[in-house]
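This report concerns only the one structure given below.
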2 protein chains.
Amino acid sequence: MAGDTKHQWFWEALESFLGHHQLKQTKQRQVVIRHFLKLDRHVDADDLYGSIRKAGYNIGLATIYRTLNLLKEAGLVEQRLFADGRASYELLIPNLHHDHLICTTCGKIVEFENKEIERLQAQVAAEQRFTLSSHRLELYGLCARCNRTL
Amino acid sequence: MAGDTKHQWFWEALESFLGHHQLKQTKQRQVVIRHFLKLDRHVDADDLYGSIRKAGYNIGLATIYRTLNLLKEAGLVEQRLFADGRASYELLIPNLHHDHLICTTCGKIVEFENKEIERLQAQVAAEQRFTLSSHRLELYGLCARCNRTL
DNA sequence: TTCAATGCAAACACTTTGCAGTCGG
DNA sequence: CCGACTGCAAAGTGTTTGCATTGAA
């Protein structure tokens, strides 16, 4: 119902999660999530709040945080912590993991995926007898543009 | 003077940094840093505060934060952010980079280094025309012990 | 003698929580 | 109707900052 076709899998997963946990579908949740999906990448609570407010809704910041935490619980979203103390959230697409290349000057983020690196990670974990559940890889440096400008 | 031989390079680097920035060596800084070096790994402000206080010193939390930030500025220490909002600090040993394998249950941290992964990272960065300055790789999962207990 | 450093407390920014009212199933 | 959800404001959290004072160079 609230789902566009592009994110149908997401709404289905959410519905399933809500169902299995006797949680409820609400107007506000739908608005928050719709805006989250629209903003698409690396969204923080304030971005969402602004976007939602600009669209004419009056939804409390608390509800936004609660919704983001819900999505995190549901495993649909990943929380990412930044040095300035803010947390940003990213849509977690199943089986479509990627890592980040981050420009330390302009903040540009390039996503990438490298099967070979992942394979080696699994190998390292196995050597230490860890059962891997997830990982985070971030490469920091200057993007081509900033490298030129500086 | 305040430097044990093991961390001599550290005290020298610090002295050099202070000198080049007209900053001062103080009693408190030395105490904080000495305790930081003693605790050795993945220390947070409160750990330090406790350790210092237990040793009979009365040094403000603010000073501890200021000192840790100083070390970060000096590039001698790396700040790491945790999901619960705390920041922990780790001694940054030059040319001795390592990544982390973190147990999501007991919090155990195993350090590792993998040249092959680093090589692939450099390759990825080059493909995107990034000039790499650093990276962070964290693998999350269950350690052997927790895997057994659960 | 100067100006960085300190301790304290107040200020901060982001996030969570308590509560009374609301609304979905 | 039950109990999860909401908005609001108040409370929390770890960290930073303003200020008068201290102390290193």
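Every heavy atom of this structure was used, including side-chain atoms; hydrogens, water molecules and symmetry mates were not. Numbered from 1 within each chain, the chains take letters A, B, ... in sequence-line order.
To the nearest angstrom, C1' of D/dG7 lies 15 Å from OH of A/Tyr65. Spacing between atom CD1 of B/Ile64 and atom P of D/dT15 amounts to 11 Å, rounded to whole angstrom units. Going from atom NZ of B/Lys72 over to atom C1' of D/dG14 covers 13 Å, rounded to whole Å. As a whole-Å value, the separation of A/Glu15 CD from C/dG25 P is 9 Å. Distance NZ (A/Lys27) to P (C/dG25): 11 Å, rounded to an integer number of Å. Between B/Gln28 atom CD and C/dA4 atom P the separation is 17 Å, expressed in whole Å. A straight line from CG of B/Leu23 to C1' of C/dC3 spans 11 Å, rounded to a whole angstrom. Per the geometry, CZ belonging to B/Arg29 stands 8 Å off C1' belonging to C/dA4, to the nearest Å.
At least one side-chain heavy atom of A/Ile117 sits under 4.5 Å from a side-chain heavy atom of B/Gln121. Between B/Glu138 and B/Arg80 the shortest side-chain heavy-atom distance falls below 4.5 Å.
Summary of the strand contacts: B/Ser88 and A/Leu61 both lie near DNA chain D, and taking for each the nucleotide with the nearest heavy atom, the more 5' one is attributed to A/Leu61. A residue-by-residue look at B/Tyr49 and B/Gln22 shows that B/Gln22 has its nearest nucleotide of DNA chain C further toward the 5' end.
Closest to the A/Arg66 side chain, of the nucleotides C/dT17, C/dA4, C/dG7, is C/dT17. Nearest to the side chain of B/Lys24, among D/dA24, D/dC8, C/dT15, sits D/dA24.
At D/dT15, none of the side-chain N or O atoms of B/Asn69 fall inside 4.0 Å of OP1 or OP2 (strictly under the cut-off). OP1 or OP2 of C/dT15 has not a single side-chain nitrogen or oxygen of A/Arg86 nearer than 4.0 Å. In this structure, B/Asn58 does not reach the C/dT6 phosphate: none of its side-chain N or O atoms is under 4.0 Å from OP1 or OP2. Under 4.0 angstrom from either OP1 or OP2 of C/dT6 there lies at least one side-chain N or O belonging to B/Thr26.
Aromatic pair A/His100/B/His135: centroids not less than 6.0 angstrom apart.
Between A/Lys115 and A/Glu118 there is no salt bridge, since no side-chain N of the basic residue sits under 4.0 Å from a carboxylate O of the acidic one.
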query = For A/His35 and A/Ser51, what are the C-alpha separation, side-chain angles and deciding distance, and is it a side chain to side chain donor-acceptor pair (under 3.5 Å)?
reply = CA-CA 7 Å; A/His35 281 257; A/Ser51 169; 2.8 Å; yes

